[in-house]
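First comes the structure, then the notes that go with it.
Note: hydrogens, waters and symmetry copies are ignored here, and every other heavy atom, side chains too, is used. Residue numbers start from 1 in every chain, and the chains themselves are labelled A, B, ... in the order their sequence lines are given, proteins ahead of strands.
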Number of protein chains: 2
Amino acid sequence: MGSRSYRQFCSVSKALDLVGERWTLLIVRDLLAGAMGYSALLEGLPGLTTNLLAKRLKDLTAAGILEKRPAPTGETCKALYALTEAGVALGPIIGALASWGKEHGPAPEPTDSLNFRWVLILLGRHFVPDGPRWIVQLDCAAKSLQLRLGTPKFEGVEGTPMTPDLIISADPKAYYELLFESTAPESLLESGAVKLTPGTAGDPPLPIWKDFIRSFQLDQPAPTPST
Amino acid sequence: MGSRSYRQFCSVSKALDLVGERWTLLIVRDLLAGAMGYSALLEGLPGLTTNLLAKRLKDLTAAGILEKRPAPTGETCKALYALTEAGVALGPIIGALASWGKEHGPAPEPTDSLNFRWVLILLGRHFVPDGPRWIVQLDCAAKSLQLRLGTPKFEGVEGTPMTPDLIISADPKAYYELLFESTAPESLLESGAVKLTPGTAGDPPLPIWKDFIRSFQLDQPAPTPST
DNA sequence: CGGCATCCGTCATGATACTG
DNA sequence: CAGTATCATGACGGATGCCG
């Protein structure tokens, strides 16, 4: 509800009337990588309290930005919150915020929390299709991310792939440095911050790693969107 | 100050740490069209109180998003607040919000306030360069906006041009309908909501009006930015 | 335990008055 | 004109309780 609307004849303020409150765009950011249950959302957003999450979910549902639907059988939760078409359309806003924050935002601190979903968003913005079709598994803090490289459309979901071609493992900070280019990819390998494990087919890991770097342009500066 | 930082290892949250608070992005939006004084900002943002504006300006200055500089002689105010390079770089975020709000935001209400600066932002996002080089004056509620069409770079400032080729006058609501395509441009002319006056050179107004419509693609849907 | 609702303390915000 | 000071209110952070 726009109980505290700006009441301006301007679409920027109308957008902020719906998504301008605290935590709202961060909830949308996490849902951009796929539908989530209530507890998963809460766990992924440290500092957000349960009462406020309930209110945000209710308001966002009323605004038509997300919808609550029954979870498929076998899920650990009962209901999933998923973005509607209008919610997915918030992607460019999240993307523009990510670009600006990366360039002009405050530097991250070691105590900052890191969520694997946020990695997906970053990767999706850098993806270059039509490379070799590797399946890469990212491991971080007992969680896994499954990436399908080389496909026309970027695919990445949480979980372990059946037949990975390469397994990359690192701690959150190393992933952050890799994705934010504060460190060159090669030096992360040399320092041991990032470890490579051959996949099930047993291919040598280094060429696949180079394709991974190239697929997400991790050795180049991020593109700046136009106005 | 990020006194209430999200503390997440994510550039989206880092951006919101600086510009996520209430009113902040609306201040930036207004400054995107040019530097403004304190009182002009306050007047253009109904509902924002003077103490909060002072705090926002202080915080944004500390964050390096805008800078306070002495006003040029002849100005009505003493100091101007101008966006820094980092502040101008927020443009794509404002643009993405404008696109989304236009498509998915709540409908405007007749009591909403309208600021001529917001028109400039909308026009800038739709501009197609290299048409005929007309100078068009927009009149609305005792204020004037000066647009230079056809130049490679879009130019628009508040004030009255010396030699307009066409003067368009309408009330705020008609401008909004024109810019937001809820009504076709032709019908706004026919209904008398928009009035055309020949400029100093005395050219017939209708062809220049059609160039104006074409220059800002006001008869076409807005382009949707990519993720 | 997942999915909230309630209660309370604190802080950000809104309204008004006042000052250099 | 360009803010600062003061106070009231509502939003938010934290803990806990309820209900399937």
Original post:
Can you tell me how far C1' of C:dG3 sits from NZ of A:Lys55, to the nearest Å?
Top reply: 17 Å
Original post:
Taking CD1 from A:Ile27 and P from C:dC4, how many angstroms apart are they, rounded to a whole number?
Top reply: 13 Å
**OP:** Could you tell me the separation between the CD atom of B:Glu21 and the C1' atom of D:dG10, rounded to a whole number of Å?
**Re:** 16 Å
Original post:
Near DNA chain C, under 4.0 Å by heavy atom, which residues of residues 40-54 of chain B?
Top reply: B:Gly47, B:Thr49, B:Thr50, B:Asn51, B:Leu52
Subject >> B:Ser11 side chain vs A:Gly101 backbone, donor-acceptor pair below 3.5 Å >> reply: no
**OP:** Look at the side-chain N and O atoms of A:Lys68 and state whether any lies under 4.0 Å from the OP1 or OP2 oxygen of C:dG2.
**Re:** no
**OP:** Determine yes or no for a side-chain-to-main-chain donor-acceptor pair under 3.5 angstrom, with B:Arg29 supplying the side chain and A:Cys10 the backbone.
**Re:** no
Subject >> Rounded distance [0.5 Å steps], CD in A:Glu67 versus CG in A:Leu57 >> reply: 13.0 Å
Original post:
Does the side chain of A:Thr61 pick up a donor-acceptor pair with the side chain of A:Tyr81 at under 3.5 Å?
Top reply: no
Subject >> Pairing string, 5' to 3', for DNA chain D - Watson-Crick or wobble contacts under 3.5 Å, brackets [ ] where pairs cross, | to another strand >> reply: ||||||||||||||||||||
**OP:** Go through the steps for A:Leu138 and A:Leu123 under the test side-chain contact (heavy atoms from CB on, under 4.5 Å), then give the verdict.
**Re:** CA-CA 12 Å; A:Leu138 300 184; A:Leu123 289 178; 4.1 Å; yes
Original post:
What integer distance in Å separates A:Lys58:NZ from D:dC12:P?
Top reply: 15 Å
Original post:
Should B:Leu60 and B:Leu18 count as side-chain neighbours, where that means a heavy-atom distance under 4.5 Å?
Top reply: no
Original post:
Counting only side-chain N and O atoms of A:Arg56, is one of them less than 4.0 Å from OP1 or OP2 of D:dC12?
Top reply: yes
Subject >> Presence of A:Trp23 side-chain N/O under 4.0 Å of D:dA11 phosphate oxygens OP1/OP2 >> reply: no
**OP:** Could you state the atom-to-atom distance from CE of A:Met36 to P of C:dG3 in whole Å?
**Re:** 11 Å
Original post:
Closest heavy-atom contact between A:Asp30 and A:Arg117?
Top reply: O-NH1, 2.8 Å
Original post:
Rounded to whole angstrom units, what separation is found between the NZ atom of B:Lys78 and the P atom of D:dG3?
Top reply: 9 Å
**OP:** Give a yes/no on whether any side-chain N or O of A:Arg22 is located under 4.0 angstrom from OP1 or OP2 of C:dA12.
**Re:** no
**OP:** May I have the distance from B:Arg4 (atom CZ) to D:dC12 (atom P), rounded to whole angstrom?
**Re:** 9 Å
Can you give each donor-acceptor pair under 3.5 Å made by side-chain atoms of residues 142-150 of chain B, sequence neighbours left out, with the distance rounded to 0.1 Å?
residue, atom, partner, partner atom, Å
B:Ser144, OG, B:Gln137, NE2, 3.4
B:Ser144, OG, B:Asp139, OD1, 2.7

**OP:** Spell out, as yes or no, whether a donor-acceptor pair under 3.5 Å connects the side chain of B:Asp17 to the backbone of A:Pro106.
**Re:** no
Original post:
Nearest-Å distance, CG (A:Leu26) to C1' (D:dC12)?
Top reply: 15 Å
**OP:** Output the single nucleotide from C:dC4, C:dC11, D:dG3 whose closest atom is nearest the side chain of A:Tyr81.
**Re:** C:dC4
